[in-house]
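Here is how names work: the chains are called A, B, and so on, in the same order as the sequence lines, proteins then strands, and each is numbered from 1. Bear in mind that the values here come from a model prediction, so they are computed numbers and not experimental data.
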Amino acid sequence: MSFADEVYKVLKDVPMGKVTTYKALGEKLGTKAYRAVGQALKNNPYAPEAPCHRVVRSDGSIGGFMGKIEGTEIERKIAILESEGVTVVGGRIVDFNKILFEG
DNA sequence: AGAGCACTGATCC
DNA sequence: GGATCAGTGCTCT
């Protein structure tokens, strides 16, 4: 088990239509290195199992996969979120606090 | 070994 | 209320 594996394990526990934050994942893993969580997510070896698009920043913004890398596979993940019932506007989650899953 | 990163909370203006 | 600093753990050079 690697650090990344634990991240995905927690991530898979997030129900559809909900989102979680890097912080929540880090806390569950018992670490404070939230950046390391992001590192693991961008690696994303468990692509369909690890819904990295379902992970957002603590303030509800989508995260680094927008604005500078738009036009990549990332934007499709945003569409997936909306498909799951999560609304994203201007790179920000709508009703973020209501769909936030903290386990 | 050193810099960087898909972050966050706390300071500093 | 925005910009900057420090902390954190892992990956790449």
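Under the rule for a salt bridge (charged side-chain N to carboxylate O under 4.0 Å, His left out), the partners of A:E84 that lie at least two apart in sequence or sit in another chain are A:R54.
At whole-Å resolution of the value, CG in A:L11 and P in B:dC7 are 15 Å apart. Atom CZ of A:R57 and atom P of B:dC5 are 14 Å apart (whole Å). Spacing between atom CZ of A:R92 and atom C1' of B:dA6 amounts to 16 Å, rounded to whole angstrom units. Atom C1' of nucleotide B:dT8 and atom CG of A:L25 are separated by 13 Å, given to the nearest angstrom. The separation between A:I93 atom CD1 and B:dA6 atom C1' is 14 Å, rounded to whole Å.
Under 4.0 Å is where a charged nitrogen must lie from a carboxylate oxygen, and between A:D59 and A:R92 at least one such pair does.
Taking all atoms of both residues into account, the shortest heavy-atom contact from A:A40 to A:V7 is CB-CG2, 4.3 Å.
Nucleotide C:dC10 forms a pair with B:dG4, judged by Watson-Crick or G-U wobble geometry with both contacts under 3.5 Å.
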Interface polar pairs with nucleotides 8-13 of chain C, N/O, under 3.5 angstrom:
{"residue": "C:dG9", "atom": "N2", "partner": "A:A36", "partner atom": "N", "Å": "3.4"}

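Checking side-chain atoms of A:D5 against main-chain N and O of A:S2 turns up a donor-acceptor pair under 3.5 Å. In this structure a side-chain-to-backbone donor-acceptor pair under 3.5 Å is missing from A:T21 to A:R57.
Regarding contacts with the backbone of B:dC7, every side-chain N or O of A:T21 stays at 4.0 angstrom or more from both OP1 and OP2.
Between A:V94 and A:V88 there is no side-chain heavy-atom pair separated by less than 4.5 Å.
Residue contacts for A:K42: at a heavy-atom cut-off of 4.0 Å it reaches a base atom on one of the strands shown.
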